[in-house]
Every structure is written in C-alpha cells, then in structure tokens.
Amino acid sequence: MSVVEVRGLRKDFDSGRVHALDGIDLATTEGEYLVLLGPSGCGKTTLLRTVAGLERPTAGDVLIGGRVVTGLPPRARKIAMVFQSYALYPHKTVQQNIVFPLKASGMDRAERLQKARWAADLLTIGHLLSRKPRQLSGGERQRVALARALVREPTVFLLDEPLSNLDAKLRASARDELKSFQQRVGTTTIYVTHDQAEAMGLGDRIAVLYEGRVRQVGGPVEVYDHPADTFVATFIGSPPMNLVPVDGQLVGFRPEHLQPAEDVRGADRTTMPLHVDRIEYLSGDRHVYGTVTDIGEPTRVIARLPATVTTPVSAGETHKFAVAADRLRFFDAETGRSTAADVRLGG
C-alpha cells in the first residue's frame, strides 16, 4: 500500500487563472525517500503543503495510508513537516522546542521528556537541550527541527528545503546526516528542493516537476541517463545535456560523454568537429566550450574532460570529438519528449 498518494491533484490560484498543480498523480512506497525537484514556481512546495493539509486542493484527492484525508486538518493526518526556516521558538530551550507538540497534545510530562531525550540522542543533540536557538549553528537548528518532528512518530516526514539556509560546506554534511537519519528511522519522507545535488544524493526516487506537472519519476540514475524530455535533460546535470538539432529531432549527449575522438574507443561512435572557443579548469576537470558542426545545425556545446584525459585541446582550434553511440539520446524537436532514434549520424 502507498503511504502517500495524490490522485488528479489540482490547485488553482488567482480565481483559476494560475494552475500551480495541474493534474498530478504520484505515490510513495513504504520507507521511501521521494524528492520533489524543480525550479522555483514549479509547484513542488504547493504539492507538499497540499499533502500536509496547509493548502486545500481545487480538485483531486490526497490519501495517506490508503485513507482519503483531503478534507482533514494537518493534525489529523499523522504527518510532520520541517520548514525552510525551521520555525523554532527563540525564547524556548531546545528541549522545550522538541516537546512542544507533545505538550500541546496533552501527553504526560515524564513521557514527553523521555521522547525528547530519545530523539535528541538519535540526532546527537542531547548536549544542547538547555540551549536557546540563538546559541546553535544552522546545522544544529536543523536537527532540533527534525527532533521536534520525530517525537510525534509520524507516518510521513515532509521536508521543505531544510538545507537552504546552510552554507555550502555544511549543506554537504547535513545532506549525509539527513539520509542516514531517514535510513535509521525508516519513515517515508517527501523532500522538496531545487538543488539537483540534494535530489541525486538523497532520493530513492526523484519526481521532476515543471509548470505544475510531473515530467518524470524515477531513480537518480534513470532520470540522469534516460531523461523523459528536454526539460529533464537540461535541468538535471551540471553542465546540462547538450542538444543538437538534426533533421527534426534533437540529439542529446552529456558533456562528460563528449570527448576527444582519440579517447573514445570502439567503432560505434559519432564524431564531430568542435571549434573550441574557451576552456575552464574546474576541480581538475576541463570544461571545453565550443561549436559542433557536421552532424546537424551548428550548435554551442560543452565537453567535460576529466583529469585522466590529457589530450591537448586549445582555444581557437578545431578538434575532432566523439560520442559513443549508446550515450546518445533522442527527442522530438516539437514536443521535447524522448523518442527512438530516427536520424542518421556520421561515424
């Protein structure tokens, strides 16, 4: 049985003129870490808030544990939500913040203190229980917010960009902590982010949203290697997938798969001249920017050469590059949808 399911979910704003959610069907599995990924304004937070009961859908249903909860308030849905801001009470201690929802529900004091200690120890913040939020780092505040959610023993965690307020270094370690925490407790989690690194690193599956619709749902490898359309192909990946117009189709290939021809072994490959405009050196890789010709319309592309590729490539020259045939992806030029190959490319 799905833990969380939405069926035909729509949410309109501005008297129906803005479709924040446009007919979404999506379901999680038991213990799954599902990431909602997309750019700002795509509907991912609206979807999360609708699951939580903070937004009422215009049409469609929300089910939790197989039960329709569309008309129920958040407190009746057995969910716990962690917001981007963490929403901690500044005048309360860490312990008081953690036990607050239990106190509000009327739980016995001894039992709620025991639960607070259990959650704090699980998240390694037991030594911080007497501190106020202003005395904590960003990562510690995040763990307090998670502990406050955990003590409610929810059916599902809903996390709305909880790492966005952390600096880059702390985000990497916090991402690892979040994944480890979810694996320990085994609670189904729906996580919202616009950061593809977070999505790829955390998600068992990723639901890519754009303009209120789900464009693709799949594991990290699937959405990266086999994007369902050109939006997914160019939104996921840094640098994004190259797309070259060829006879009514778009031929796609990842920058790391476009390499100097002498470094691409095997006869089943597509070669193309690349006029090199400039080269960037990033973390040991070379990012080669230029224009490819001879396989379709002249198109600006990016090649990412790892440090292990030492073939000399210089700005201002034209160098032959190649892509292995099994790394090519094809899309309909009009719809952008993935399609079978229907063009002939040079070898």
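When reading the values below, keep in mind they use all heavy atoms of this one structure, side chains included, and skip hydrogens, waters and symmetry mates.
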Problem set entry | Evaluation steps, side chain to side chain contact (heavy atoms under 4.5 Å, CB included), between Thr50 and Leu9 | CA-CA 9 Å; Thr50 304; Leu9 206 64; 3.8 Å; yes
Problem set entry | Which atom of Lys78 lies closest to which atom of Glu153, heavy atoms considered | NZ-O, 3.2 Å
For this session: Examine Val309 and Val301 and state if one hydrophobic cluster contains both, with Ile, Leu, Val, Met, Phe, Trp and Tyr joined whenever side-chain heavy atoms are less than 4.5 Å apart.
Result: yes
Problem set entry | Value rounded to 0.5 Å, distance of CZ in Arg141 from CD in Gln135 | 10.0 Å
Problem set entry | Exam field: side chain Lys92 to backbone Lys132, donor-acceptor pair closer than 3.5 Å | no
Problem set entry | Contact check, side chains of Thr311 and Phe321, non-hydrogen atoms, under 4.5 Å | no
For this session: For residues Pro39 and Tyr210, report the shortest heavy-atom separation together with the two atoms involved.
Result: CG-CD1, 3.9 Å
Exercise. Taking it one step at a time, do Arg67 and Leu72 satisfy side chain to side chain contact (heavy atoms under 4.5 Å, CB included)?
Worked result: CA-CA 11 Å; Arg67 182 171 66 109; Leu72 297 181; 3.4 Å; yes
Seminar exercise, completed: On a heavy-atom basis, the closest approach of Pro220 and Asp204 is CD-O, 3.7 Å
For this session: Treating Ile, Leu, Val, Met, Phe, Trp and Tyr as nodes and any side-chain heavy-atom pair under 4.5 angstrom as an edge, say whether Leu113 and Leu102 lie in one connected cluster.
Result: no
Exercise. Are Arg304 and Glu256 within salt-bridge range, i.e. N to O under 4.0 Å?
Worked result: yes
For this session: Assess the side chains of Glu198 and Tyr191: does a donor N or O sit below 3.5 Å from an acceptor N or O?
Result: yes
Exercise. Under 4.5 Å between side-chain heavy atoms, hopping through other hydrophobics if needed: is there a path connecting Ile79 to Leu21?
Worked result: yes
Exercise. Taking Arg77 for the side chain and Val69 for the main chain, is one N or O donor matched with an acceptor at less than 3.5 Å?
Worked result: yes
Exercise. Would you say Ser137's side chain and Glu140's backbone share a donor-acceptor pair under 3.5 angstrom?
Worked result: yes
Exercise. Taking the side chain from Arg254 and the backbone from Tyr224, do they hold a donor-acceptor pair closer than 3.5 Å?
Worked result: yes
Exercise. If you take all heavy atoms of Leu274 and Gly290, which pair is closest and at what distance?
Worked result: CD1-C, 3.6 Å
Exercise. Can you find a side-chain donor-acceptor pair between Asp160 and Thr45 that sits under 3.5 Å?
Worked result: yes
Exercise. When rounded to the nearest 0.5 angstrom, what distance separates CZ in Arg205 from CG in Leu36?
Worked result: 10.5 Å
Problem set entry | For Ile279 against Ala315, the heavy-atom pair lying closest together | CD1-N, 4.0 Å
Problem set entry | Euclidean distance, Lys115 NZ relative to Ile98 CD1, rounded to 0.5 Å | 12.5 Å
Problem set entry | pair Val94-Leu136: side-chain heavy atoms closer than 4.5 Å | yes
Exercise. In terms of hydrophobic clusters joined by side-chain contacts under 4.5 Å, are Val313 and Ile302 together?
Worked result: no
Exercise. Hey, which of Val323, Asn242, Val246, Thr270 is the one that makes side-chain contact (heavy atoms from CB on, under 4.5 Å) with Val251?
Worked result: Val246
For this session: Taking atom types as modelled, find out whether Tyr289 and Glu280 have a side-chain donor-acceptor pair closer than 3.5 angstrom.
Result: yes
Problem set entry | Rounded distance [0.5 Å steps], OG1 in Thr58 versus CZ in Arg10 | 5.5 Å
Exercise. Val156, Leu26: one ILVMFWY side-chain cluster at the under-4.5 Å cut-off?
Worked result: yes
Problem set entry | Salt bridge flag under 4.0 Å for residues Asp332 and Arg337 | no
Exercise. Looking at CD of Gln95 and CZ of Arg112, how far apart are the two atoms once the value is rounded to the nearest 0.5 Å?
Worked result: 9.5 Å
Exercise. Do the side-chain N and O atoms of Ser338 and Arg329 include a donor-acceptor pair separated by under 3.5 angstrom?
Worked result: no
Problem set entry | N-O pairing of Arg7 and Asp25 below 4.0 Å | no
For this session: Start with the C-alpha distance between Lys179 and Tyr33, add both sets of side-chain angles, then the distance that settles side chain to side chain contact (heavy atoms under 4.5 Å, CB included), and finish with yes or no.
Result: CA-CA 9 Å; Lys179 185 68 174 180; Tyr33 209 123; 4.1 Å; yes
Exercise. Which heavy-atom pair separates Leu243 from Pro245 by the least distance, and what is that distance?
Worked result: O-CD, 4.0 Å
Exercise. Should Arg213 and Phe231 be marked as a side chain to side chain contact (heavy atoms under 4.5 Å, CB included) after you check the CA-CA gap, both sets of side-chain angles, and the distance that decides it?
Worked result: CA-CA 12 Å; Arg213 297 181 180 180; Phe231 173 76; over 6 Å; no
For this session: May I ask you to test the Pro227-Phe235 pair for a side-chain heavy-atom distance under 4.5 Å?
Result: no
Problem set entry | Rounded distance (nearest 0.5 Å) linking atom CE of Met107 with atom CZ of Arg152 | 10.5 Å
Exercise. Think Arg143 forms a cation-pi with Phe181, using NZ or CZ under 6.0 Å from the six-ring centre and within 45 degrees of its axis?
Worked result: no
